[in-house]
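Taking it in order: structure first as structure tokens, then the write-up.
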2 protein chains.
Amino acid sequence: MMEREDREMSDLQKPVRTIADLAKIAGVSAGTVSRALAGNSLVNAKTRKKIEQLAREHDFRPNQMASKLRRQKTGVIGVIIPLGHDRHQQISDTFFMTLLGHLADELTEKGYDLMLRRVIPQQDEDWLDRFIRSGMIDGVLVIGQSNQFDRIEEIADGYLPMVVWGNHQEGQRHCVVGADNRLGGRMAAERLITAGAKRLAFLGDTGPFEFAARFAGARDVADRMGVGIEPVSVHLSPDQTGREIATFLAERRDEIDGIFAASDTIAFACLRELQRMNVPVPQQMKLIGFDDLPIAAQTIPPLTTIHQDISAGAHGMVDLLLRRLDKEDTESLVLPPRLVIRGTA
Amino acid sequence: MMEREDREMSDLQKPVRTIADLAKIAGVSAGTVSRALAGNSLVNAKTRKKIEQLAREHDFRPNQMASKLRRQKTGVIGVIIPLGHDRHQQISDTFFMTLLGHLADELTEKGYDLMLRRVIPQQDEDWLDRFIRSGMIDGVLVIGQSNQFDRIEEIADGYLPMVVWGNHQEGQRHCVVGADNRLGGRMAAERLITAGAKRLAFLGDTGPFEFAARFAGARDVADRMGVGIEPVSVHLSPDQTGREIATFLAERRDEIDGIFAASDTIAFACLRELQRMNVPVPQQMKLIGFDDLPIAAQTIPPLTTIHQDISAGAHGMVDLLLRRLDKEDTESLVLPPRLVIRGTA
DNA sequence: TAGAGAATTTCAATCGATTGCAAAAACGTG
DNA sequence: CACGTTTTTGCAATCGATTGAAATTCTCTA
């Protein structure tokens, strides 16, 4: 009876927005409420139960901003995607988006929230620093080095809790997680040549370091085997890609018989153009991609490609970041790529 | 000379972490610094310049947490993805991820940050409330109703700044943006039947409202045309999908000649299985998808599907949310789907 | 040059939770 | 029952920026 009355009264008043309000109702001090709600502490079990009960009844949640301010940590990890070389790349980039999904899961599991930001470095010199120093995040994950390698290096000198997805360069200072792109590139070229190709093309913009490394790896092998390979710049906005590839193929398809696409997305577009031109794959043109997106297995013929383990990558990034939050200066993590032979090479 | 000395000294000391530190250096009060950095205000232009200069030199950024706490708004919009029916769906769900990308762009453009959270409602009854009431976000965008329609409805009664991507039900209370799934379903079935199909199957879990509506639309048409249609439950974890479809086809492919896949992703898997079984598409089996993902144009044969305008959807969600942040009680937005006829039906 | 009025700046309270330290209560034991 | 411990609580300072109101300085006119 009494209890019902209490509840009804509270429904009418219902000004329980702060820990102090709740403290008044519970007849204790704000400090006690804070401790009680924090779960463990030196609060009497009975008082804790009572406060928890009251909090539930009044549907009270402590204000995170106040908490974060006071504790000087936010429980939020920033994830930033620099759209450096190609404004439209990542919008459609399944690879990065999938990585993001996995990162979200890993971070959630560790009790962190995720703040996402996409930036165009050309428009904002200060993109990384601004995010880091905003006071909103405890650490940052950078998805893709884009063409911002140097800036990331600068930041890394003074800021520990940062892990980057991308390519590892000899002697670099920032902690990076990523596949061994150069090795992957080698595997790709080797496969094309093994499959019988004699004159190769690399489809993709060699500006970004990941792509550059893939090309470099392929060239290592091509040179060694005495096979020609040339890079063909291809942009990644959905409408451009197809057109650029079509133009290239129209002019040069007779000169080459093996194509290494910098990513599966490019490979798909390429496959499509080849089929449109009735060039039999792999008989007349070998084709290999990079990433091994889920749909790679679904094309006809299914795409031969270099597999990257996205899930392991995400796990590694979060693991390293958490260790860095504990002041440990971790090494980079280079994941082994894997050749997946399917139907195109 | 003097200036150099100043700079070097500051490099040594460099304790400019708060607005008060900067105020001391500038020889003004904290309030003035705050106003100066806020840009416009009633600060003398000269002092403002000076403070800005100093801030730049000392690489100072105001603490966001303090600011947010004081101003009682965060400048952050929460984006939450409930993984209701199928834990693994969204990990691979290109559609939602692409939508997320567009949302990030739209929000950035409007000056908001984005906090991402993926939740499993079964494990956390309170998923939506907790996020909203955390004090970390000014508003929330829900990506997909999943099987949480009722909970979302409850919340909508007491919380204005929420916009949901999903299906619109007659008389619902929460503001939703999404394609007219029922109409899309009708278009799909009509197309299959026009293309000559006489016995249809719907591939997908009819639990989620979006899918249910697509099925309902298809059934409207099927019934009207005197054609049979039956739903076949298919899960969305990458490894299950293919197997389930294969099983289904193995048993029943002779009984049907038209398949409406609840999403392009399912359609791809289906196309693959059909080709594996040497069932000619579209001759012996018509197939239509839903979403029109970029790769839909890239399969062989290219996928006939129902197009959803993701970009317009994202734009609409953000637009509605901003208006709701201004206390306007907006209507839902139903986007027209569009039939894209390609090679599979 | 005094003084009204405008332009700047300072002051101090505030946002809401956390936490070290001190005070109070509860418990035990001789 | 008194006194030493151990548990629980309360107090008050703190995190760092913002902002209304008060105080100061500057302008300009009579």
Side-chain angles (χ1 to χ4, degrees), chain A residues 14-55 58-76 111 113 130 132-138, chain B residues 14-52 54-55 58-76 113 130 132-138:
Chain A
K14 204 163 205 175
V16 188
R17 308 220 59 78
T18 79
I19 224 171
D21 296 341
L22 193 60
K24 195 172 302 167
I25 296 181
V28 297
S29 77
T32 303
V33 173
S34 174
R35 280 185 261 256
L37 261 29
N40 54 353
S41 219
L42 1 86
V43 185
N44 184 306
K46 259 175 289 175
T47 9
R48 166 141 40 92
K49 293 275 182 239
K50 182 171 123 201
I51 292 173
E52 281 169 352
Q53 171 61 23
L54 243 12
H58 292 269
D59 198 28
F60 168 79
R61 309 246 175 14
N63 181 308
Q64 295 296 320
M65 288 306 153
S67 169
K68 291 169 193 305
L69 172 60
R70 174 62 223 247
R71 314 171 63 174
Q72 296 292 80
K73 58 166 297 197
T74 65
V76 179
D113 271 305
R130 181 196 311 294
I132 287 172
R133 306 279 305 284
S134 70
M136 291 194 302
I137 58 178
D138 292 339
Chain B
K14 204 164 206 174
V16 189
R17 306 219 62 77
T18 78
I19 224 171
D21 296 341
L22 193 61
K24 196 172 302 166
I25 295 180
V28 297
S29 78
T32 304
V33 173
S34 173
R35 280 185 257 257
L37 260 30
N40 54 354
S41 217
L42 3 86
V43 185
N44 184 303
K46 258 174 290 177
T47 14
R48 167 139 41 90
K49 293 274 183 241
K50 182 170 122 200
I51 292 173
E52 281 170 351
L54 243 12
H58 291 271
D59 199 27
F60 168 79
R61 308 240 175 20
N63 182 307
Q64 296 296 321
M65 288 306 153
S67 169
K68 292 170 193 304
L69 171 59
R70 176 59 224 246
R71 314 171 62 176
Q72 296 291 77
K73 58 166 295 194
T74 66
V76 178
D113 270 306
R130 182 197 310 292
I132 287 172
R133 305 279 307 283
S134 70
M136 291 194 303
I137 57 178
D138 292 339

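So you know, we letter chains A, B, ... as the sequences are listed, proteins then strands, and number each from 1.
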Within the modelled atom types, does a donor on one side and an acceptor on the other bring the side chain of R35(B) and the base of dT10(C) under 3.5 Å apart? yes
Picking from dG20(C), dC15(D), dA17(D), the nucleotide nearest the side-chain atoms of I19(B) would be dA17(D)
Considering non-hydrogen atoms only, spot the tightest contact between A36(B) and V43(B) and give its length. N-CG2, 3.7 Å
Ignoring backbone atoms, establish whether T18(A) has a side-chain N or O less than 4.0 Å from OP1 or OP2 of dC15(C). no
In whole angstroms, the gap separating P of dT7(D) from CZ of R48(A) amounts to 14 Å
With the side chain counted from C-beta on, respond yes when D21(B) and H58(B) share a heavy-atom pair under 4.5 Å apart, and no when they do not. no
Nearest heavy-atom contact between N44(B) and T47(B) is O-OG1, 2.8 Å
Once you round it to whole Å, what is the distance between P of dA17(D) and CD1 of I51(B)? 13 Å
Would you mind telling me which residue lines up with the more 5' stretch of DNA chain C, R71(B) or S29(B), judged by nearest nucleotide? S29(B)
Closest approach of A26(B) and I51(B), non-hydrogen atoms and distance? CB-CG1, 4.3 Å
OP1 or OP2 of dG10(D) under 4.0 Å from side-chain N/O of T32(A): yes
N44(B) has an atom CG; how far is it from atom P of dT10(C), in whole Å? 11 Å
Please confirm whether the shortest side-chain N or O distance from Q72(A) to OP1 or OP2 of dT18(C) is below 4.0 Å. no
Looking across every strand, which nucleic acid part, if any, lies under 4.0 Å from V28(B) by heavy atom: base, sugar-phosphate, or nothing? sugar-phosphate
Grab the NZ-C1' distance between K73(B) and dC15(C) for me, whole Å please. 16 Å
Mind jotting down which residue pairs meet the side chain to side chain donor-acceptor pair (under 3.5 Å) criterion with at least one end in residues 63-75 of chain B? Sequence neighbours excluded, please. T74(B)-D138(B)
Over all atoms of both residues, closest heavy-atom pair of R17(A) and F60(A): O-CE1, 3.3 Å
Looking at every non-hydrogen atom in both residues, tell me the closest pair between S29(A) and A23(A) and how far apart they are. C-CB, 3.7 Å
What residues from residues 60-67 of chain B pass a heavy-atom cutoff of under 4.0 Å to DNA chain C? none
Measure from the side-chain heavy atoms of L69(B) and tell me the nearest of dA17(C), dT18(D), dG16(D). dG16(D)
